[in-house]
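So that the names make sense, note that chain A is the first sequence line, chain B the second, and so on, each numbered from 1. Given the structure is predicted, the values throughout are model-derived calculations rather than measurements.
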Amino acid sequence: MRRINFMKSFYITTAIDYANGKPHLGHAYEKVLTDVVARFRRLMGDDVYFVTGLDEHGQKVQQSAKARGIEPIELCDEAAESFQGLCKSLNITNDDFIRTTEDRHKSVVSTILQKLFDQGDIYKAEYTGYYSRRAEQFLQEKDKNEDGEWPEIFGEVEEIAESNYFFKLSRHQDWLNDHIKTNESFIFPRFRAKQVLEFLKEPINDLCISRPKERLEWGIPLPFDADYVTYVWFDALFNYVTAAGFGTDEFEKRWPADFHVIGKDILVPPHAVYWPIMLKAAEIELPKSLLVHGWWLKSGEKMSKSTGTVVDPLDLIEQFGSDAFRYFVTREMNVGQDSEFSLERYMARYNSDLANDLGNLLSRVLTMLARGFEGVIPAPQLEETLEEALWKGWDETHAKVLELFEEFQFHTGLERIFLFVSSINRYAEQRAPWKLAKSEDPLDKQRLDTTLFAMSESVRLAVGLLEPVMPETTEKVYSLIGYDPDSEWKARLVRNEKLAGSTVGAKTILFPKPPVET
RNA sequence: GCCAGGGUAGCUCAGUGGUAGAGCAGGAGACUCAUAAGCUCUUGGUCGGCAGUUCAAAUCUGCCCCUUGGUACCA
């Protein structure tokens, strides 16, 4: 008898990136966003399973490999290394990295395709269109010039007929329409669902899912016709199911996915139309939710004033650390909307929030403790109005930020956290421990102890809340203030007096500022 | 064309019916523990435009303008 008392995983995925390309800001953002959600859920106690990966088949990969005189798989291996390197440099906590050329995936795709073929969801038909031999692809009306001619780059264009396999989409159109209407949480942000419903108002055509092998070899063969490979969507989308362990015991623990994190460009039709219908036809449960993010605008186009060279946003990871990068993209992007990337904004956030407010605060605390307390955090002696206000501020921040993070409002959540950091700096000014230290009054001595404790404790709390976004910083600060994070996250976010008696580390510059450009 | 998002202080953005907000940038000041950081005060907006609903609108309705994206077998 099978035991059913397992805990359902929180299964979250990114879209898989196409192997014929280099990592850019958009890839980096999607991984960071997903990782922030994954870390947040993990800290909240969920059993998180997080997968990202690479989409490796298709015509462009085949063409690029051919142009370089290498095998397609060699090109994919390079890309896999490159994208996995990106994950590593961003501190991404994915549990798996799926590649669509892996046997486990080919096997799943074959199984599904055969099932759908057997039950009549896939049929063969002839397709007529304009074909460019040079580009090795069929062209669309929109590919034409304004004068109605085919552009030069396509060379000779001829109208040809080709037999292909098609997947029946339309039979589930009404069902999908109903599903999206009734499941409010299926698409986040909600307004994106309107676009899908709009799309579904018109009758949808069936989806061409194959390419003849004579045109495309680099793909998964159709199990029921060796002359064809499957093309794009069955190959790419089913990665989510493969990675969840379809066909193994793990599958029922992980599936359905809690979130597919995707860009707005692949919502309609792939993830919101093809994917649900494919799953419905295959009799597999639907993912619970699609988390749709916007785009970074003008990425990589900003010029450095001093050198005149283009700044690659990804260079900033190495230059200022992964936490700074993660902070920037999470703080600036309102999930669902677009945001503009610029070096100026980046440096403003880095200098102002990270270096001046947070990093400098830690410096002051460590210096004062080293100077007057031999590096040991004193116990609090009293609680006056200023302390009460500080802790009240924390309670409000803590509650509100968790609420915002639950709703993916990371940008506002981070804003709240840094408002709290500011309040610690304000508290320090009001208490002025550097003045208290010079007083002979015993009450002032009590206040001094209290102040240093309160500053240390509030910094501990603030960086604790930052952990999903800035895990390295959290760890580093914990270590510097002599805090052992042995309890679970929720408990660590509650104020206590355990820091009293801790020995702190030497003064450390968390976020060094770059030399001022002149 | 149609559909959707955005249009709030110089910049980036919060704010869904009740006297316009934050951060950054700019200006002034006091302080000195600190990464010339932090703190206090301050300049700055007829909330894209025009109508309408309402005792009251950035917030609801209509039209228009600008901008981003989608408009399928394209990754």
Side-chain angles (χ1 to χ4, degrees), chain A residues 15-21 55 57-61 127 129 137-140 142-143 164 166-167 169 189 191-210 231-233 235-236 263-270 272-274 292 294-295 297 331-334 336-342 344-345 347-349 351-372 409 411-412 414-416 418-419 421-422 424-437 451-452 455 507-514 516:
Chain A
I16 51 175
D17 304 313
Y18 196 53
N20 187 40
D55 178 15
H57 286 123
Q59 193 150 327
K60 286 182 181 170
V61 167
Y127 172 81
Q137 63 174 307
F138 277 93
L139 305 176
Q140 306 303 317
K142 66 182 177 188
D143 291 324
N164 266 308
F166 290 81
F167 171 62
L169 280 177
F191 74 82
R192 295 272 174 216
K194 289 185 196 167
Q195 294 182 325
V196 182
L197 292 172
E198 193 61 32
F199 181 86
L200 289 172
K201 278 182 182 170
E202 298 294 321
I204 49 178
N205 296 328
D206 292 339
L207 180 68
C208 180
I209 59 152
S210 69
Y231 192 63
V232 188
W233 299 119
D235 189 334
K264 63 180 182 178
D265 53 321
I266 52 172
L267 176 68
V268 184
V273 179
Y274 302 159
V292 187
W295 283 357
L297 305 176
R331 173 65 182 83
E332 290 286 305
M333 179 75 91
N334 179 347
Q337 305 294 341
D338 293 340
S339 272
E340 193 157 329
F341 185 94
S342 79
E344 289 73 18
R345 295 294 308 161
M347 293 323 298
R349 285 284 173 217
N351 285 328
S352 173
D353 297 355
L354 300 183
N356 293 351
D357 286 353
L358 180 59
N360 181 57
L361 172 59
L362 181 73
S363 290
R364 356 179 31 180
V365 172
L366 293 178
T367 303
M368 285 190 271
L369 285 169
R371 194 168 297 181
Q409 301 298 303
H411 68 306
T412 346
L414 288 174
E415 182 183 23
R416 298 289 291 240
F418 276 83
L419 284 174
V421 170
S422 267
I424 307 173
N425 275 314
R426 200 175 314 126
Y427 167 80
E429 296 295 332
Q430 288 167 331
R431 271 306 191 194
W434 47 92
K435 283 183 185 166
L436 294 172
T451 304
L452 267 300
M455 289 178 70
K507 182 179 132 178
T508 304
I509 304 295
L510 276 186
F511 301 101
K513 286 204 212 177
V516 179

Qualifying residues under side-chain hydrogen bond (donor to acceptor under 3.5 Å, both in side chains), relative to A/N356, sequence neighbours excluded | A/K513

Any residue meeting side-chain hydrogen bond (donor to acceptor under 3.5 Å, both in side chains) with A/Q409, in chain and number order, not counting sequence neighbours = none

Roughly, in whole Å, what's the span from CZ in A/F418 to C1' in B/C24?
-> 14 Å

Just checking A/P189: base, sugar-phosphate only, or nothing, at a heavy-atom cut-off of under 4.0 Å?
-> nothing

A/S210: what forms a side-chain hydrogen bond (donor to acceptor under 3.5 Å, both in side chains) with it, not counting sequence neighbours?
-> A/N164

Residues two or more places apart in sequence or in another chain: which of them pass ring pair (Phe, Tyr, Trp, His ring centres under 6.0 Å) with A/Y18?
-> none

Produce a footprint string for nucleotides 2-12 of chain B: one letter per nucleotide, 5' end first; B if the base is under 4.0 Å from any protein heavy atom, S if only the sugar-phosphate is, - if neither.
-> -SSSS----BS

Name the nucleic acid region contacted by A/K264, choosing base, sugar-phosphate or nothing; use a 4.0 angstrom heavy-atom cut-off, strictly under.
-> sugar-phosphate

Ring pair (Phe, Tyr, Trp, His ring centres under 6.0 Å) with A/F191: which residues, sequence neighbours excluded?
-> none

So, is A/N334 close to the B/A14 phosphate, meaning a side-chain N or O under 4.0 Å from OP1 or OP2?
-> yes

For RNA chain B, what residues of residues 357-365 of chain A have any heavy atom nearer than 4.0 Å?
-> A/D357, A/G359, A/N360, A/S363, A/R364

Whole-Å distance between B/A30 C1' and A/Q430 CD?
-> 14 Å

With A/F418, which residues qualify under ring pair (Phe, Tyr, Trp, His ring centres under 6.0 Å), at least two apart?
-> A/Y327

By side-chain contact (heavy atoms from CB on, under 4.5 Å) - contacts of A/A432 (at least two apart) = A/W434, A/K435

